[in-house]
Amino acid sequence: MIVTHMTVRKIALYILPWLMVLAACNRKPVIELEQENSALVKENMINANRVVIQSEGTQIESYVSRRGWTMQALPSGALYWEYAQGDGAQVAAQDNVEVTYRLEALDGTPIYTHQVDTLEVGKRQVTPALDDMLQQVRYGSKVWLIAPSNSAYGVVGDGDRVQSRMVIIYNVTNIKKI
């Protein structure tokens with residue numbers, strides 16, 4: 001059999017599409033690959049956040065243990081210790097309050113030495129940790145509050161002095177109704 005240039009061309013025209021179809025059968029579509037990559041990235045982010053939370057928890061436990069404080073847990077994951085109970089009424093959701101506090105990092109570095117915030121309780125206007133704590137105490141109370149980053153200023157910080165993923169300590173020195 002004599003193979004001519006035309007015969008090779010005809011064979012190629014018939015076989016090549018079938019080879020491409022067969023090769024494509026073993027490949028995953030681009031959309032599936034993107035979904036798999038997205039799921040993998042999401043799983044990795046979840047695992048990284050778990051590690052951060054566990055690490056912060058260990059650091060907080062050590063901090064509390066060194067000071068001998070008896071802390072109570074809040075729904076936000078923060079811990080508080082009311083070291084001087086106020087003689088006022090219980091702070092309630094939707095109360096407008098003025099809160100005076102100092103803010104420091106877990107290593108003791110001062111962040112804000114005198115901060116006064118006016119807020120409506122229950123609106124989480126400053127941090128979830130501060131809001132949760134306010135609903136547990138009385139007016140006039142003095143409180144230590146330890147807020148892990150996820151119940152403080154989170155991944156972004158406060159845009160000023162509180163850094164990303166920072167555990168913060170509130171020393172609340174005054175809570176009054178306005």
Check: Is there a path of hydrophobic side-chain contacts, each under 4.5 Å between heavy atoms of I, L, V, M, F, W or Y residues, that connects L103 with V97?
Finding: yes

Practice prompt. Establish whether V167 and L74 are linked, either directly or via other cluster members, by ILVMFWY side-chain heavy-atom contacts under 4.5 Å.
Written response: no

Report task. Take atom CD of E120 as the centre, draw a 6.0 Å sphere, and report whether it contains more than 12 heavy atoms from other residues, nucleotides or ligands. Result -> yes

Notebook entry, point to check: Is there side-chain contact between L106 and I169, with at least one heavy-atom pair below 4.5 Å?
Noted result: yes

Between the CD atom in E56 and the OG atom in S151, the distance rounded to the nearest 0.5 Å is 8.5 Å

message = Please determine whether residues I168 and I60 belong to a single hydrophobic cluster, defined as Ile, Leu, Val, Met, Phe, Trp and Tyr linked transitively by side-chain heavy-atom distances below 4.5 Å.
response = no

Here the gap from R138 atom CZ to D87 atom CG, rounded to the nearest 0.5 Å, amounts to 9.0 Å

Value for CG (D131) from NZ (K123), rounded to nearest 0.5 Å, stands at 10.5 Å

Given I46 and E43, is the side chain to side chain contact (heavy atoms under 4.5 Å, CB included) satisfied, shown in steps?
-> CA-CA 5 Å; I46 289 169; E43 183 179 335; 5.7 Å; no

Of all heavy-atom pairs linking R66 and S62, the shortest is NH1-OG, 2.8 Å

Rounded to the nearest 0.5 angstrom, the CD-CZ distance for Q115 and R102 is 13.0 Å

message = Any non-hydrogen side-chain atom of V137 less than 4.5 Å from a side-chain atom of V172?
response = no

The side-chain contact (heavy atoms from CB on, under 4.5 Å) partner of D95 among Q90, K177, Q135 is K177

* Under the 3.5 angstrom rule, does the side chain of R67 hit a backbone N or O of Y63 as a donor-acceptor pair? -> yes

query = Between W144 and Y83, what is the ring plane arrangement, given parallel below 30°, perpendicular above 60°, and tilted in between?
reply = tilted

- Task: Would you indicate whether D107, at its atom CG, is surrounded by more than 12 heavy atoms from other residues, nucleotides or ligands within a distance under 6.0 Å?
- Result: yes

Quiz item: Does the T100 side chain pair with the main chain of V116, one donor and one acceptor, at a distance under 3.5 Å?
Solution: no

Q. Where the side chain of D132 meets the backbone of S76, is there a donor-acceptor pair that is under 3.5 Å apart?
A. yes

Nearest heavy-atom contact between P128 and A152 is CD-O, 3.9 Å

d(L134 CG, Y139 OH) to nearest 0.5 Å is 8.5 Å

Between S55 and Q59, does any side-chain donor sit less than 3.5 Å from a side-chain acceptor? yes

Margin query: Taking L79 as the starting point, is it possible to reach Y153 by hopping between hydrophobic residues whose side chains are less than 4.5 Å apart?
Written below: no

Going by heavy atoms in the side chains, are I146 and M71 under 4.5 Å from each other? yes

| V91, V126: one ILVMFWY side-chain cluster at the under-4.5 Å cut-off? | yes

In this structure, CD of E82 is separated from CD of Q72 (nearest 0.5 Å) by 8.0 Å

Discussion item. When you compare the side chain of Y101 with that of L145, does any pair of heavy atoms fall below 4.5 Å?
Written reply: no

| field | Side-chain heavy-atom pair M166, I111 within 4.5 angstrom cut-off | value | yes

| said: In the structure I gave you, are the side-chain heavy atoms of I53 and P148 within less than 4.5 Å of one another anywhere? | reply: no

query = Does T127 reach the side chain of Y170, with side-chain heavy atoms less than 4.5 Å apart?
reply = yes

